[in-house]
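Just so you know, these numbers come straight off a predicted model, no measurement behind them. Order of the sequence lines fixes the chain letters, A, B, ..., with proteins taken first and strands second; residue numbering starts at 1 for each chain.
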Amino acid sequence: MLPFTEPASVAEAELIQDSLRSRLVIPASAVELPRTVVGLDVTYGEPSVAAAVVVEVATLEVVEVATFAGEARFPYVPGLLAFREVPLLLAAIERLSTPPSLLICDGYGLAHPRRFGLACHLGVLLDLPSYGVAKTAFVGSSDPPGPARGDAADLVDAGEIVGRVVRTQSGVKPVYVSAGHRIGLDDCSDLTLRLSGRYRIPEPTRQADILSRSVLRSL
DNA sequence: GCGACAG
DNA sequence: ATCTTGTCGC
């Protein structure tokens, strides 16, 4: 795995993204789906808490969890979220007993100003398939997806399809899916729907959100 | 130039 | 993200 580099400035952070982006691999065809996936999230506080939750794809059951509490070292800057979250998330992932097979992040992958969001960053550093599921818009635009679960619309930025707006529950606000590394957009969308039981947010990141919040409360 | 801007 | 209760509705 590649080491995380802590940038000393916004300009340096952008250079790091441009450099790591050259290692991105996005396959054109479907990849084999793993038996389990890892949902990731960070809740901010003092300290902040990162959570990694392993979920079995077939049953949506939680198989293992790990957390890490520490200070976020980089400020929140739109487009540079990874520098705030990656160190904490890597520490949580390292505490899992089983090696992760696919990462699902709370945020964006390729749908990013420099095409290198959080999901790309984690995927490249760990050389693992990864993608992002965000709750609100960031870059690009789309037609509104149809009203039924499974309806979706391309997310387009600068004439490029960078992600997909996916309705995971009928009549509920859609989520924003974008590929991170070593997985194509179709697979990301399919997996997101498969992992969304009765909630808007797919189970892995939903559980990571719940866990990181509860751990922070208990500190 | 102005506003918007993942978490 | 977070500060924060009740409330409307399926």
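- Scanning residues 165-186 of chain A for heavy-atom distances under 4.0 Å to DNA chain B yields an empty list.
- Nucleotide C:dA1 holds its P atom 6 Å from the CZ atom of A:Arg213, rounded to whole Å.
- A:Ile161 CD1: 12 or fewer foreign heavy atoms inside a 6.0 Å radius.
- Taken from CG in A:Leu2 to CG in A:Leu20, the straight-line distance is 7.0 Å, to the nearest 0.5 Å.
- Atoms CG (A:Leu88) and P (B:dG7) sit 17 Å apart, rounded to a whole Å.
- Distances shown here put every side-chain N or O of A:Ser48 at or beyond 4.0 Å from the OP1 or OP2 atom of C:dA1.
- Under 4.0 Å is where a charged nitrogen must lie from a carboxylate oxygen, and between A:Asp41 and A:Arg206 no such pair does.
- Dashed line: the shortest gap from a side-chain N or O of A:Lys135 to OP1 or OP2 of B:dA6 is not under 4.0 Å.
- Contacts of A:Thr43 with the nucleic acid, taken as non-hydrogen atoms under 4.0 Å apart, involve only primed sugar atoms and P, OP1 or OP2.
- Atom CZ in A:Phe138 sits about 15 Å away from atom C1' in C:dA1, given to the nearest Å.
- From A:Arg164, atom CZ reaches atom OG of A:Ser178 across 11.5 Å, with rounding to the nearest 0.5 Å.
- The residues A:Asp209 and A:Arg213 are annotated as salt-bridged, a charged nitrogen and a carboxylate oxygen being separated by less than 4.0 angstrom.
- Side chain of A:Asp187 to main chain of A:Gly184: no donor-acceptor pair is present (N/O by atom type, distance under 3.5 Å, no hydrogens or angles).
- Distance A:Arg73 CZ to B:dG7 P: 24 Å, rounded to the nearest Å.
- Of the options A:Val57, A:Thr205, A:Leu103, A:Val63, a side chain to side chain contact (heavy atoms under 4.5 Å, CB included) to A:Val37 is made by A:Val57 and by none of the others.
- For DNA chain B, the residues of residues 103-117 of chain A within the heavy-atom distance limit of 4.0 Å (strictly under) are A:Asp106, A:Gly107, A:Tyr108, A:His112, A:Gly117, sorted by number.
- Across all strands shown, A:Leu80 has heavy atoms under 4.0 Å from base atoms, whether or not it also approaches the sugar-phosphate.
- Following rounding to the nearest Å, A:Ile210 (CD1) and C:dA1 (C1') show an atom-to-atom distance of 17 Å.
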Secondary-structure notation, DNA chain C, from Watson-Crick and G-U pairs under 3.5 angstrom (| other strand): ..........
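- In terms of modelled atom types and a separation under 3.5 Å, the side chain of A:Gln169 and the main chain of A:Tyr199 share a donor-acceptor contact.
- A:Glu203 contributes atom CD, which lies 10.0 Å from atom CZ of A:Arg198 (distance to the nearest 0.5 angstrom).
- Remark: C1' of C:dA1 and OH of A:Tyr76 are 9 Å apart, rounded to the nearest angstrom.
- Ring pair A:Phe83/A:His121 is perpendicular by interplanar angle, where above 60° counts as perpendicular and below 30° as parallel.
- Classification of A:Asp127 and A:Arg23 as a salt-bridged pair fails, no side-chain N sitting under 4.0 Å from a carboxylate O.
- Atom CZ in A:Phe74 sits about 18 Å away from atom P in B:dG7, given to the nearest Å.
- Within 4.0 Å (heavy atoms only), A:Gly79 reaches at least one base atom of the nucleic acid.
- Between the CG atom of A:Leu81 and the C1' atom of B:dG7 there is a distance of 5 Å, given to the nearest Å.
- Within a 6.0 Å radius of CD in A:Glu71, more than 12 heavy atoms belonging to other residues, nucleotides or ligands are found.
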